[in-house]
There are 2 protein chains.
Amino acid sequence: MLELRLVQGSLLKKVLEAVKDLVNDANFDCSSTGFSLQAMDSSHVALVSLLLRSEGFEHYRCDRNLSMGMNLGNMSKMLKCAGNDDIITIKADDGSDTVTFMFESPTQDKIADFEMKLMDIDSEHLGIPDAEYHSIVRMPSGEFSRICKDLSSIGDTVLISVTKEGVKFSTAGDIGTANIVLRQNTTVDKPEDAIVIEMNEPVSLSFALRYMNSFTKATPLSETVTISLSSELPVVVEYKVAEMGYIRYYLAPKIEEEEDTKP
Amino acid sequence: MLELRLVQGSLLKKVLEAVKDLVNDANFDCSSTGFSLQAMDSSHVALVSLLLRSEGFEHYRCDRNLSMGMNLGNMSKMLKCAGNDDIITIKADDGSDTVTFMFESPTQDKIADFEMKLMDIDSEHLGIPDAEYHSIVRMPSGEFSRICKDLSSIGDTVLISVTKEGVKFSTAGDIGTANIVLRQNTTVDKPEDAIVIEMNEPVSLSFALRYMNSFTKATPLSETVTISLSSELPVVVEYKVAEMGYIRYYLAPKIEEEEDTKP
DNA sequence: TAAAGACCAC
DNA sequence: GTGGTCTTTA
């Protein structure tokens with residue numbers, strides 16, 4: 001028996017928006033710790049890892065560990081039927097092949113329940129080792145989103161370079177090149193607006209903008225985003241989910257190509 | 001000679017938005033009583049009935065009954081040219097094959113007139129008998145609209161059931177099922193927010209969501225909608241038009257289908 | 001392809 | 001608060 005009651009239902013709606021473009025089907029894993037998901041994107045290049053800790057739910061009952069395979073597109077369709085102020089409850093009976101989403105309006109005038117079929121999904125749950133990162137950049141999520149969008153109109157790869165000067169996002173394409181430099185800035189009105197660069201060692205890595213732009217679908221979840229970089233390691237793009245967890249995207253850097261012009 | 005002056009011109013604009021998707025061409029009937037329209041939708045399944053009483057107009061002159069055939073798409077195009085605060089006057093000379101819409105800006109700085117060709121349209125004016133309804137639900141129009149929209153992302157038919165518990169909207173589709181229950185609630189801040197269920201007899205009827213969603217185009221006309229249900233009778237979905245009339249949609253229930261699993 | 005919703009700027 | 005743009009869905 002599983003029953004998870006989330007007062008701020010809009011969080012779950014936003015989480016699905018942030019995942020469904022990247023992953024079609026995935027297992028949600030429920031344990032006493034929390035509600036989590038880990039999946040490769042459909043082209044098997046990026047990895048998404050979501051955690052919503054049990055403490056973040058108003059009520060969290062999970063009698064035994066459960067892995068529920070869901071089609072995220074269908075799940076998202078159903079969650080779109082919840083109001084942004086609704087309380088969302090996820091229910092499943094042990095051994096059932098369905099899951100029920102219940103939406104309660106704040107006034108309790110309206111109570112909706114949506115039942116969805118579960119599916120069997122093979123999933124290799126990868127252990128993600130903790131790592132030391134050479135550089136960690138924290139910045140407003142909207143700004144990061146804007147940068148990725150802007151750069152993708154010029155090129156399809158972003159080179160992220162962190163030096164003591166700041167962080168530079170660069171791209172190049174047929175029509176020209178672009179460089180966007182952000183300097184550390186912690187003297188801001190709101191702490192969310194800060195740009196914090198923790199550089200242990202300079203790094204310079206290239207990533208496919210296509211994936212970065214998918215990651216920024218999580219922007220509505222958090223005012224800030226954290227980008228952790230190490231050479232030879234996948235970048236981690238992390239958005240906190242209000243007091244209850246996170247959504248993390250992993251993407252391997254592009255292998256450094258030879259200079260454009262070869263002899 | 002016909003001359004109808006409507007101070008709140010936006011009402012007519014909204015009325016056209018509420019009808020033009022359902023009906024392509026229709027006769028507007030003008031008499032001393034008011035300005036009305038009755039038409040089947042283009043697939044001959046639903047019926048729209050509009051009444052704007054003469055008292056609602058600032059000036060209402062209709063020397064003799066007139067039936068003016070209009071293409072509602074074209075009429076809507078012209079009305080879109082009126083500002084929302086404009087005063088709209090509808091004019092037609094007896095025997096003329098055109099109608100003129102005049103738009104006056106509130107400041108009288110701008111006066112526009114648009115002339116449109118009339119057309120001959122066969123119309124069977126159906127008498128709609130008054131009926132006793134088993135159940136009548138009044139609810140915020142926005143909520144009804146939201147429910148119809150949400151359910152159509154799951155299925156294509158809505159089953160509306162009224163019991164003493166409240167009113168339930170249900171659907172089923174490939175990805176799952178959905179039930180939305182509304183309970184009577186009259187203890188609200190604004191009377192328009194009330195959900196009032198007048199149940200003389202329980203009813204349970206199915207309707208095509210496609211049409212329901214067309215009906216909800218009238219939502220901007222009124223804060224509330226009234227749904228009148230009787231078994232064997234078309235449902236009536238009614239929106240009041242501010243102090244001057246109504247727009248009513250009629251839709252026959254779907255015949256109850258046999259159980260899903262046939263021998 | 002067209003319409004509706006969401007977001008942003010004014 | 002309103003209009004305009006852009007994105008998303010049918």
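Order of the sequence lines sets the chain letters (A, B, ...), proteins ahead of strands, with each chain counted from 1.
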(request) Can you label the angle between the Phe103(B) ring and the Phe101(B) ring as parallel, tilted or perpendicular, going by 30° and 60°? (result) parallel
(request) Measure from the side-chain N and O atoms of Thr171(B) to the backbone N and O of Thr157(B), and report whether any donor-acceptor pair falls under 3.5 Å. (result) yes
(request) Write down the distance between NZ (Lys80(A)) and P (dG5(C)), rounded to a whole number of angstrom. (result) 13 Å
(request) Check the distance between dA4(C)'s P and Glu17(B)'s CD and give it to me in whole angstrom. (result) 8 Å
(request) State the CZ-CZ distance between Phe35(A) and Arg53(A), to the nearest 0.5 angstrom. (result) 15.0 Å
(request) State whether the side chain of Ser152(B) and the backbone N or O of Leu209(B) hold a donor-acceptor pair below 3.5 Å, judged by distance alone. (result) no
(message) Measuring from the side chain of Lys217(A) (C-beta onward, heavy atoms only), which nucleotide among dT9(D), dA4(C), dT8(D) has the closest atom?
(response) dT8(D)
(request) Could you check how far CE of Met212(B) sits from P of dA10(D), rounded to whole Å? (result) 20 Å
(request) Whole angstrom is fine here: how far is it from CG in Asp150(B) over to P in dT9(D)? (result) 14 Å
(message) Can you work out whether Arg146(A) or Asn84(A) has the more 5'-proximal nearest nucleotide on DNA chain C?
(response) Asn84(A)
(message) Between C1' on dA3(C) and CG on Leu22(B), what's the gap in Å once rounded to a whole number?
(response) 16 Å
(message) Mind checking if Lys77(A) touches a base, just sugar-phosphate, or nothing, with heavy atoms under 4.0 Å?
(response) nothing
(request) With the side chain of Lys149(B) defined as its heavy atoms from C-beta on, choose the nearest nucleotide among dT9(D), dG5(C), dT7(D). (result) dG5(C)
(request) Quickly work out the Asp21(A) CG to dT9(D) P distance and round it to whole Å. (result) 8 Å
